[in-house]
There are 2 protein chains.
Amino acid sequence: MSTDERHRPAASRPRRVDVARLAGVSPATVSFVLNQTTGQTISDETRQRVLQAVAELGYRPNRAAQGLRQGRSATIGFVNHDADFGVFAAASIKGAHEACMRQGNLLLLVNTGGSNRQAAQLIVDLLDRQTDALIFAAVGTRSVVLPDAARRVPTILLNCFAPHDPAPAILPDEVRGGREAAQALLDLGHRDIAYLTGSASLWATKARLRGFREALRGAGLDPREHAVLSGNYHADSGYELVRKLLRRGPRPTAIMCGNDRMAVGALLGLLEAGIRVPEDVSVMGYDDQFQLAAEIRPALSTVRLPYDVMGRLAAEQLAAGGSAVHTGRTLVHCPLVMRDSTAAPAGARTRA
Amino acid sequence: MSTDERHRPAASRPRRVDVARLAGVSPATVSFVLNQTTGQTISDETRQRVLQAVAELGYRPNRAAQGLRQGRSATIGFVNHDADFGVFAAASIKGAHEACMRQGNLLLLVNTGGSNRQAAQLIVDLLDRQTDALIFAAVGTRSVVLPDAARRVPTILLNCFAPHDPAPAILPDEVRGGREAAQALLDLGHRDIAYLTGSASLWATKARLRGFREALRGAGLDPREHAVLSGNYHADSGYELVRKLLRRGPRPTAIMCGNDRMAVGALLGLLEAGIRVPEDVSVMGYDDQFQLAAEIRPALSTVRLPYDVMGRLAAEQLAAGGSAVHTGRTLVHCPLVMRDSTAAPAGARTRA
DNA sequence: TTGAAAGCGCTAACAT
DNA sequence: ATGTTAGCGCTTTCAA
């Protein structure tokens, strides 16, 4: 077996020299044509010969080799820093992936399981592979510690923030989301709105609650007179809380829920008690969860948590250039989505 | 600026020669130590010096360079061949990711949006990056056309099959899942079970229905006497179908649903009609969907679609060696998960 | 307008 | 027991 063959398994892809040979030019010329190298003038005829050879052989440059040479890999690392890896992570990834497609990048995905140690290790693994940039994402919006290793490449925080780190962050505008949800209910004529919140300690919970209160005050109402029960974002907590609410006394005309899953639980609890939605009480969710909010009956009025948009934004900002990355926090709007679980209260109809 | 500096930006990572210099050995020796190259005997003292230098500098081999040299990249391509990128894709990815962690591999993730053209292109993009193997995954189990390019590397089909392709496939055992779900209901004493199926044309739908019928026949019942209404796997179709079922005549004592989302819809429709679950009628889901089945009230009895296990299996089989990949189809068991939405029918209690 | 040649950081066969 | 050296496939300066 000749030396030539030993290094070229039969099934392997064509290399640049194969193209050069076929086109009757030097390997360098092939690079010049393919990369449209500036400052290199290639005759039109040569370019055609090269392109034809490329097409004929089905040649594609080896990106590992390109990467080694150029120190970049056309790959972005996506670090999912959360215990779970569910529908919201999927949405951000989907958005980031879309943007990457347009840029010719690919996503190298890792999941830390929520451990900082794992996160640090995985970022190193990513960097070992020449990842050009990093998206560090959490699902429950929260404060994180960005591993030092991440400093080596442009990094953007998705749905989380690192207090003592200059890395830019992309976050949903939860205050406004909470405010607009409450405002929509107020606009329908509701004056007695209960709020079944998610886990009280979370950033998103507090922000949404703040928006809720702002809206009430804006309508001249006293937030202290409105029931606020705290749950944990799971469907069963919506169910339990609504039962508690019903036992407690006069029924509000509308119920805002921490998220769509809690709203589903609330819906179930309400129906079980013989209370109709939205005729007897309006229910408002949050998240616009894929395959849930729009599909249940009644279809849920909610606020869309735009994880896909945020993922896309992250990848776009990263591609826009490491240093040109928008610094500080970017707040992304969470648009209101009105469906069938909300309506004017019975009283308002009488009044009208 | 000296030549030396021009090629070594201040912030760049240490290279192998830096370690070699610090340890007072040749670069090759560093490789030998780090890779535990067989057939090379390194004195214990030298090994220690090298390892210490590695630790001191925080040296990590550049995998792009290793990859270029070895023709492998410690990276597996995960192709999500579906329009959606949701909770089930997330589950398979999570499983595959877990297995990859143990192997020292990372996942390069792409999403085809369900287009064959895109799939072909993306696989080429993956291969350009020296991906060692491919997981080609669909969410709705179905027949796919595996792009030719995939032939270059070991490929495993996840939740799909390519009729004229030798690539091994990992699939859920839906027939058995459907059978066991129905059997559980029969065991509780139900004799009149309706089935609200998912989209009639899908492989999974047919398989589950077949299992359902097998179980009925096994119990000496005639499947033709049992209502089978077909929907589309969305929650609203469960809702609509249950209303249709109630209008139609005598109510069955149990309802099997195409999936958990349909079961949620059915639950909503049932409650709305004043029918209690499981007291008046039992409801059985399918999928054991994350953050849904276990959380709603009543918690849903269902069959677990083990996408995480399947993802893990795929990555493991791939790592077990390209050629040693288990050929043909691997059926993965879908275990029954009994919760609170099922109970013995009222009649059976009397009889007992 | 094109080609030669020096690496990018590493592995592994071969030499010492 | 360790070092030398020839690439892996590509980009890019410099020379022709």
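Each chain gets a letter, A, B and so on, in the order its sequence line appears, and its residues count up from 1. Values below: every heavy atom of this structure, side chains too, minus hydrogens, waters and symmetry copies.
Contact between A:Leu146 and A:Ala167 at its shortest, heavy atoms only, is CD2-CB, 4.0 Å.
Residue-level contact check: B:Val25 touches the backbone only, with heavy atoms under 4.0 Å from sugar-phosphate atoms and none from bases. Within the 4.0 angstrom heavy-atom criterion, only backbone atoms of the sugar-phosphate kind lie near A:Ser43; the bases stay farther away. Across all strands, A:Thr46 comes closer than 4.0 Å only to sugar-phosphate atoms, never to a base (heavy-atom distances). Contact annotation for A:Leu68: base contact, defined as any heavy-atom pair under 4.0 Å involving a base atom.
Judged by distance alone, with hydrogens and angles left aside, the side-chain atoms of A:Arg49 form a donor-acceptor pair with the main-chain N or O of A:Ala23 at under 3.5 Å.
One atom, OH of B:Tyr59, and another, P of C:dG9, lie 10 Å apart when rounded to the nearest Å. Rounded to an integer number of Å, the gap from B:Arg13 CZ to C:dC8 P is 16 Å. To the nearest angstrom, C1' of C:dG9 lies 16 Å from CZ of A:Arg129. Rounded to whole Å, the distance from CZ on B:Phe32 to P on D:dT4 is 12 Å.
Residue B:Gln70 has a polar side-chain atom (N or O) positioned under 4.0 Å from OP1 or OP2 of C:dA12.
Put simply, the residue from B:Gln118, B:His81, B:Gln121 that forms a side chain to side chain donor-acceptor pair (under 3.5 Å) with B:Thr112 is B:His81.
Defined by atom type and a distance below 3.5 Å, a donor-acceptor pair is missing between the side-chain atoms of B:Asp18 and B:Tyr59.
Residues A:Ala65 and B:Pro27 each lie close to DNA chain C; by heavy-atom proximity, the contact nearer the 5' end of the strand is made by A:Ala65.
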